[in-house]
**Student:** 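Mind looking over this structure? Questions follow.
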Amino acid sequence: MKYAIIAAGEGSRLAAEGVKVSKPLVKIQGEHLIDRLLRIFMHNDAEMIVVICNDHSPEVVHHLCTLQKAGLDGQSIPLSVVVKSTPSSMHSLAEMASYLEGGPFILTTVDTVFDEAWFGQYVKVFKNVPDIDGYMVVTPHEDDEKPLYVETDAQLRITGFYDEQPTQPTDGEEHRYYISGGIYALNEKALGVVRRCVEQGESRMRNFQRALINEGFQLQAWVADTVLDIDHATDIEKAEAFLSAPRLHLAWRKGRPRLGQGVDDDEILFVAAAKLHAYGFEMGKYNVISDQEKVPTGMPYRQVVLSMCRKEEELALLRQYEQQGALVVNSTKSVSNCTRGRLDELMRNNHIAMPPQKGDKGYWVKRADVHSLGGDDVVFCSNEETCQETVNRFLQETGMLPVVSAHMEGQLVKFYGIGRHFFRCYTKDEEEMLSLLDATAPAVDALQQEAQRLAALTGTEIWGGDAIFSPHSTSISIIDFNDWPSFSPCREEAAEAIASHIMQKIEE
């Protein structure tokens with residue numbers, strides 16, 4: 001991938017406010033703005049990086065020439081430098097155009113500060129979507145003196161750029177509005193457009209973007225939670241706080257969740273993320289395991305991953321995050337402890353209330369090598385002969401003895417827990433609606449103690465499952481236990497409890 005950095009501005013507002021270095025050499029978390037971008041681009045397969053700076057900043061030119069010769073932190077950089085003062089950012093792009101020919105490129109200004117956690121996925125998606133002419137980073141948060149408003153349709157295809165906040169059209173279509181983040185991934189055809197814009201006397205970058213739309217370019221928006229510009233001295237403090245804030249990443253089990261439908265198991269992740277955002281978390285990757293990204297080294301800030309992952313290849317990647325110091329909830333070890341075979345072993349060895357292995361009401365046979373999957377991974381057998389046949393089949397298919405338990409009669413109860421400070425359990429009434437059980441009932445109290453004991457044995461912090469209350473509620477049996485349930489009957493309440501639990505852990 002080719003990258004271009006516009007660093008040709010004068011930085012007059014910063015100078016007027018007492019900042020004594022040129023903008024590219026301003027430091028955020030001890031790192032020059034220009035060096036930070038170069039490092040991020042090199043981490044994301046930069047084959048060439050071109051930087052344009054003005055001819056009134058010899059210290060910037062000297063810094064870049066030194067990087068050309070010595071590299072950055074010992075790493076050689078394929079760096080080209082253009083020294084020329086230009087009347088606008090669009091003219092700066094036109095000056096760099098000859099370096100960017102021959103393939104796609106990503107362009108930004110030197111003062112753009114963003115969370116690098118999502119950037120690698122942004123690059124990969126752009127490289128792998130050939131029918132899109134450009135991916136433009138946008139943000140829902142306004143942090144610009146003269147923001148450029150970006151209009152998209154429901155699929156985040158860009159339909160317009162505006163100097164002022166547009167009013168919602170009444171055409172019956174869904175329109176969304178964001179603020180331009182100043183990061184542009186474009187194909188080579190865009191270079192012809194910028195040259196034509198300069199020839200026609202245009203001087204504003206936003207007019208170049210409008211020209212792309214007018215010429216039929218297919219542009220897609222990439223939503224980033226926060227993107228900052230360094231225009232004032234106070235912006236330096238703001239950027240320091242932004243990059244120092246804890247980062248929250250999500251990892252779900254299946255494809256993109258069907259948000260807003262209120263029934264998807266993954267929706268609890270997004271509700272909990274919103275609660276954590278209120279505590280000061282900045283949003284990182286929206287699916288940390290989506291395409292096996294490289295794990296950043298030397299985690300510069302606190303990182304938390306809310307993970308529903310269960311596949312071994314996903315857990316392997318998450319273990320790397322744990323080794324780098326990230327807090328993964330639930331931990332990879334606890335998830336491994338929640339496979340049915342391991343759970344059965346822990347429960348029986350520690351005398352957790354559970355069904356016996358023998359009975360006269362039938363049997364449940366469950367694959368031991370997985371978590372709860374649904375389908376035919378759990379089979380009810382009405383007699384011992386059928387039970388043995390099913391055991392043999394699962395053994396042949398998986399190479400592991402399945403879990404066998406006697407069928408228990410009684411009331412089915414669903415329970416949900418977070419650490420030791422949140423517990424709710426529900427039963428179904430005659431209309432198949434979930435009803436919250438009395439927390440003071442003896443059976444509920446017994447279930448809470450047993451479920452929390454099992455959570456501690458597995459190391460699981462966010463958990464749920466199913467239990468059977470005997471017909472007269474004199475005894476309980478836990479029949480299923482899993483990490484990250486949906487919390488569907490108490491999602492908002494549970495999300496707040498999850499956020500409080502995470503805050504308590506990172507403050508320990």
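Note that the numbering runs from 1 along the sequence shown for the chain. This one's a predicted model, so the numbers in the text were calculated from it and none came from an experiment.
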**Student:** May I ask you to check if Arg36 and Phe114 form a cation-pi contact, with NZ or CZ under 6.0 angstrom from the six-membered ring centre and within 45° of the axis?
**Tutor:**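 Ring-cation test returns yes.
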
**Student:** I'd like to know if the side chain of Glu322 pairs up with that of Ser331 as donor and acceptor (distance under 3.5 Å, no hydrogens or angles considered).
**Tutor:**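 Ser331 and Glu322 do not have a side-chain donor-acceptor pair below 3.5 Å.
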
**Student:** Relative to the ring of Tyr135, is the ring of Phe126 parallel (under 30°), tilted (30 to 60°) or perpendicular (over 60°)?
**Tutor:**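 Because their plane-to-plane angle is over 60°, the rings of Phe126 and Tyr135 count as perpendicular.
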
**Student:** Got a sec, which residues hit side chain to side chain donor-acceptor pair (under 3.5 Å) with Thr234, two or more places apart in sequence or on another chain?
**Tutor:**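 Scan of Thr234 (side chain to side chain donor-acceptor pair (under 3.5 Å), adjacent residues dropped) gives none.
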
**Student:** ring-ring contact (aromatic ring centres under 6.0 Å, His included): which pairs involve residues 487-508, sequence neighbours left out?
**Tutor:**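 Every ring-ring contact (aromatic ring centres under 6.0 Å, His included) pair that includes a residue of residues 487-508, provided the two are not neighbours, is Tyr416-Phe487, His421-His501.
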
**Student:** Show the nearest heavy-atom pair for residues Leu248 and Met283, with the distance to one decimal.
**Tutor:**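 Reported closest heavy-atom pair: O-CE, 3.2 Å.
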
**Student:** Tell me every residue that passes salt bridge (charged side-chain N to carboxylate O under 4.0 Å, His left out) with Asp231, counting only those two or more places apart in sequence or in another chain.
**Tutor:**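 So Asp231 forms a salt bridge (charged side-chain N to carboxylate O under 4.0 Å, His left out) with Arg13, Lys23.
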
**Student:** Between the side chains of Glu151 and Tyr177, does any donor sit under 3.5 Å from an acceptor?
**Tutor:**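 Tyr177 and Glu151 do have a side-chain donor-acceptor pair below 3.5 Å.
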
**Student:** Report yes or no: do Asp133 and Asn187 form a side-chain donor-acceptor pair below 3.5 Å?
**Tutor:**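 Their side chains do contain a donor-acceptor pair, which is all the 3.5 Å distance test asks for.
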
**Student:** Using 4.0 Å as the upper bound for N to carboxylate O, is an ion pair formed by Arg39 and Glu116?
**Tutor:**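 Counted as a salt bridge, because a side-chain N and a carboxylate O are separated by less than 4.0 Å.
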
**Student:** Angle between ring planes, Trp463 versus Phe423, binned at 30° and 60°: parallel, tilted or perpendicular?
**Tutor:**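 Tilted: the ring planes of Trp463 and Phe423 meet at 30° to 60°.
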
**Student:** Is it true that Arg319 and Glu312 have a side-chain N and a carboxylate O under 4.0 angstrom from each other?
**Tutor:**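 Salt bridge present between Arg319 and Glu312.
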
**Student:** Look at Asp377 together with Arg340 and state whether they make a salt bridge at an N to O cut-off of under 4.0 Å.
**Tutor:**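 A salt bridge is present here (some side-chain N lies under 4.0 Å from a carboxylate O).
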
**Student:** Under 6.0 Å from the six-membered ring centre of Tyr178 and within 45° of its axis: does the NZ or CZ of Arg176 meet both?
**Tutor:**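 No, cation not above the ring by the 6.0 Å, 45° rule.
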
**Student:** Ignoring hydrogens and geometry beyond distance, is a side-chain donor-acceptor pair present between Glu267 and Ser486 at under 3.5 Å?
**Tutor:**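 Distance-only check fails for Glu267 and Ser486.
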
**Student:** Ignoring hydrogens and angles, tell me if any N or O in the side chain of Glu450 forms a donor-acceptor pair with the backbone of Ala353 under 3.5 Å.
**Tutor:**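 Yes, because the side chain of Glu450 sits within donor-acceptor range (under 3.5 Å) of the backbone of Ala353.
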
**Student:** Taking ring pair (Phe, Tyr, Trp, His ring centres under 6.0 Å) as the definition, give me every residue that meets it alongside Phe41, ordered by chain and number, with sequence neighbours left out.
**Tutor:**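 Result, ring pair (Phe, Tyr, Trp, His ring centres under 6.0 Å) vs Phe41: Tyr3, Phe119.
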
**Student:** Identify the two heavy atoms, one from Lys366 and one from Ile479, that lie closest to each other, and give their separation to 0.1 Å.
**Tutor:**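 For Lys366 versus Ile479, the nearest heavy atoms are NZ-O, 2.7 Å.
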
**Student:** Checking Trp364 side chain against Ala406 main chain: does a donor-acceptor pair fall under 3.5 Å?
**Tutor:**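 It does not hold such a pair.
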
**Student:** When you check the gap from the basic side-chain N to the acidic O, do Arg393 and Glu397 get nearer than 4.0 Å?
**Tutor:**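 Looking at Glu397 together with Arg393, the answer is yes, because their closest N to O distance falls below 4.0 Å.
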
**Student:** List for me each residue that meets side-chain contact (heavy atoms from CB on, under 4.5 Å) alongside Glu389, sequence neighbours excluded, and say none if there are none.
**Tutor:**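 Checked Glu389 against side-chain contact (heavy atoms from CB on, under 4.5 Å); matches are Glu385.
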
**Student:** Got a sec, which residues hit side-chain contact (heavy atoms from CB on, under 4.5 Å) with Gln155, two or more places apart in sequence or on another chain?
**Tutor:**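 Asp153, Arg157.
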
